[in-house]
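What follows is a single structure, written as structure tokens, with notes after it.
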Amino acid sequence: MSTAAMAPSSHTATPFSPSSNPTTVEVYCFSNTYIQRSRPYLTTAQIDNLRPSDEARTIQTRLAACQWIVQISRVLQFPIRTVATAMILYHRLLLFNKTPYFQETPTDPSVAALFVACKIEDTLKKSREILAASYNLRHPNVEPINPDSALLEETTKRVIGMERTILETSSFDFRNRHAQPFLIKFCRLYEVGSKLAHRAWEVSVDVYRTLSPLRSTPHALALASLETACRLENYPIRIMYEDLEASRDDVLSIIDDLLELYTNYSTQTTVGPKYQGTAYLNARIELNRERKRLANGYACAPVCLQLQNMSDRGNSGTIRFMIDPERESKECGMLDGAADGGMGTAKVKSVLTPTSPWSQR
């Protein structure tokens with residue numbers, strides 16, 4: 001054997017690395033650990049449990065933030081995937097954070113969500129470029145500023161600080177799928193005209209102003225957008241939901257959210273002002289009759305897991321972000337805490353003298 005083969009590599013695993021000792025993480029448990037697994041989709045009951053007490057004010061804040069995201073994206077010419085991701089990130093930020101600043105201030109948190117979405121969707125823009133566009137939109141009667149302006153100094157620090165909170169609420173999970181690619185395929189499948197397809201596209205943007213993307217898959221959002229456009233245009237269409245692996249009741253639930261949005265907040269949407277209010281009321285009446293015939297009504301699924309918002313969790317202890325549910329289940333079983341791993345003390349005690357591998361370094 002050559003000398004080079006015997007020489008240790010610079011990437012040789014240390015005695016405490018996971019590659020050399022897979023049980024290291026299990027042995028060296030922290031005294032307080034919170035395990036947070038990524039949940040791209042929530043149940044209706046979980047979302048209702050996370051809603052704030054002052055729901056009316058929160059809705060206004062959420063819609064104002066979504067509108068702000070759309071306006072800035074038009075100025076900077078962001079693709080629809082960046083806009084949709086930013087709205088989803090903002091919805092999660094508002095649900096899992098009860099801080100009054102987030103609940104009452106739409107501009108800076110929405111800019112921060114758009115900034116993070118640019119990184120996730122690979123449409124990179126500096127935070128100052130987004131903030132400069134936001135400032136110029138807010139002050140149309142003054143001279144526009146450039147990204148290097150000193151006026152953005154404090155706002156930039158706030159946005160960068162909110163970036164970490166947004167990433168934590170999303171559990172550092174960057175897997176995002178959107179409704180628009182599915183919508184294009186469905187429009188071709190059912191051979192709808194270009195006018196109706198354009199209206200369905202606008203509806204698919206408005207659907208991200210609701211909380212439906214947090215509980216429904218992208219292809220269900222696309223089907224709901226297409227059917228909503230067909231209802232508004234009185235265009236008969238028959239969609240075979242079983243063939244498309246979609247639930248009829250789920251799609252009708254999304255349509256109900258859209259029609260409620262158009263009925264109560266039409267001026268803050270894209271499609272809302274293009275129809276009379278009676279059109280939405282008549283569509284909702286017909287929709288309610290159809291949902292009653294399906295015998296599912298508005299019944300929510302039982303709460304299988306109650307989620308904590310970040311304010312209730314506190315700042316003490318260690319947070320572990322996971323994607324693998326099997327890993328989460330395994331490590332939650334090692335904690336004397338909540339079913340979701342909330343701030344538990346380790347059941348498995350260290351079998352070695354040092355309580356941490358870092359103490360030997």
Side-chain angles (χ1 to χ4, degrees), residues 32-69 72 82-120 127 130-131 134 154-176 208-215 303 305-323 328 337-338 340-343:
N32 288 300
T33 303
Y34 184 93
I35 296 177
Q36 178 176 319
R37 178 171 64 85
S38 169
R39 288 176 171 81
Y41 302 105
L42 307 175
T43 65
T44 303
Q46 288 172 338
I47 293 176
D48 292 340
N49 181 66
L50 292 170
R51 291 179 187 270
S53 55
D54 191 357
E55 179 68 11
R57 185 176 63 177
T58 303
I59 291 176
Q60 291 288 350
T61 303
R62 186 175 72 237
L63 293 177
C66 291
Q67 183 65 18
W68 200 242
I69 289 172
I72 297 176
T82 304
V83 178
T85 299
M87 290 185 183
I88 292 176
L89 292 174
Y90 181 81
H91 292 329
R92 286 185 169 272
L93 177 68
L94 214 60
L95 272 182
F96 286 95
N97 292 272
K98 305 305 180 186
T99 308
Y101 178 77
F102 292 127
Q103 300 293 327
E104 300 172 1
T105 309
T107 51
D108 288 351
S110 61
V111 169
L114 186 58
F115 175 53
V116 177
C118 288
K119 294 183 177 181
I120 294 176
S127 60
I130 302 175
L131 286 170
S134 175
E154 292 299 323
T155 312
T156 302
K157 294 179 181 179
R158 289 199 301 270
V159 168
I160 297 300
M162 283 184 278
E163 179 183 9
R164 175 182 174 183
T165 305
I166 293 173
L167 291 173
E168 288 181 351
T169 55
S170 64
S171 300
F172 294 87
D173 188 353
F174 308 132
R175 301 171 297 177
N176 292 289
Y208 283 90
R209 302 176 194 264
T210 71
L211 298 181
S212 295
L214 299 184
R215 57 179 173 80
V303 182
L305 182 60
Q306 185 173 349
L307 304 179
Q308 283 185 320
N309 61 64
M310 299 185 68
S311 303
D312 297 337
R313 183 189 308 167
N315 297 322
S316 60
T318 302
I319 303 176
R320 289 174 53 80
F321 298 93
M322 296 184 181
I323 296 180
E328 180 207 27
D340 60 346
M343 296 310 295

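Values below: all heavy atoms of this structure, side chains included; hydrogens, waters and symmetry mates excluded. Just so you know, these numbers come straight off a predicted model, no measurement behind them.
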(request) Quick one: pull up CD in E55 and CD1 in I59 and give me the separation to the nearest 0.5 Å. (result) 4.0 Å
(message) Taking ring pair (Phe, Tyr, Trp, His ring centres under 6.0 Å) as the definition, give me every residue that meets it alongside F172, ordered by chain and number, with sequence neighbours left out.
(response) F321
(message) For K119, give me all partners under side-chain hydrogen bond (donor to acceptor under 3.5 Å, both in side chains), at least two apart in sequence or on another chain.
(response) E163
(request) Inspect the surroundings of CZ in R164 and state if more than 12 heavy atoms from other residues, nucleotides or ligands are less than 6.0 Å away. (result) no
(message) Once rounded to the nearest 0.5 Å, what's the spacing between atom OG of S110 and atom CG of L93?
(response) 10.0 Å
(message) Between T99 and F102 (side chain of the first, backbone of the second, donor and acceptor by atom type, cut-off under 3.5 Å), is there such a pair?
(response) no
(request) Using side-chain hydrogen bond (donor to acceptor under 3.5 Å, both in side chains) as the criterion, list what pairs up with S127, not counting sequence neighbours. (result) none
(request) Find the distance between CE (M162) and OG1 (T165) and round it off to the nearest 0.5 Å. (result) 8.5 Å
(message) Can you give me the closest heavy-atom contact between V116 and L89, atom names plus distance?
(response) CG1-CD1, 3.8 Å
(request) For residues P109 and I166, report the shortest heavy-atom separation together with the two atoms involved. (result) O-CD1, 4.3 Å
(message) Working to the nearest 0.5 angstrom, can you tell me the gap between T169 OG1 and I88 CD1?
(response) 12.0 Å
(message) So, using side-chain hydrogen bond (donor to acceptor under 3.5 Å, both in side chains) as the criterion, who are the partners of E154 when residues are at least two apart?
(response) none
(request) Apply the test side-chain contact (heavy atoms from CB on, under 4.5 Å) to residues H91 and C66: give CA-CA distance (whole Å), side-chain angles for both, the deciding distance (0.1 Å), then the verdict. (result) CA-CA 9 Å; H91 292 329; C66 291; 3.6 Å; yes
(message) Restricting to non-hydrogen atoms, name the atom on L94 and the atom on Q103 that form the minimum distance, rounded to 0.1 Å.
(response) O-NE2, 3.0 Å
(request) Grab the two heavy atoms, one from T44 and one from R215, that are nearest each other, plus how far apart they are. (result) OG1-CD, 3.6 Å
(request) Sequence neighbours left out, what passes side chain to side chain contact (heavy atoms under 4.5 Å, CB included) with A84? Give chain and number order. (result) H178, Y208
(request) Please report the closest heavy-atom contact between P40 and R175, naming both atoms and the distance. (result) CG-NH2, 4.1 Å
(request) Kindly compute the distance separating CE (M87) from CG (L114), expressed to the nearest 0.5 Å. (result) 9.5 Å
(message) Can you give me the closest heavy-atom contact between S170 and R92, atom names plus distance?
(response) CA-CD, 4.4 Å
(message) Quick check for you: to the nearest 0.5 Å, what is the distance between F115 atom CZ and D108 atom CG?
(response) 13.5 Å
(request) Go through I130 and V159 one step at a time and tell me if the side-chain contact (heavy atoms from CB on, under 4.5 Å) criterion holds. (result) CA-CA 10 Å; I130 302 175; V159 168; over 6 Å; no
(request) Would you check if V111 and T155 make a side-chain contact, meaning some heavy-atom pair closer than 4.5 Å? (result) no
(message) I want to check something: taking the side chain as every heavy atom from C-beta on, are R51 and D48 in contact at a cut-off of under 4.5 Å?
(response) yes
(request) Just jot down the side-chain hydrogen bond (donor to acceptor under 3.5 Å, both in side chains) partners of N176, sequence neighbours excluded, or say none. (result) none
(request) Check for a donor-acceptor pair, side chain of R62 on one end and backbone N or O of Y90 on the other, with a separation under 3.5 Å. (result) no
(request) Measure from the side-chain N and O atoms of T82 to the backbone N and O of A117, and report whether any donor-acceptor pair falls under 3.5 Å. (result) no
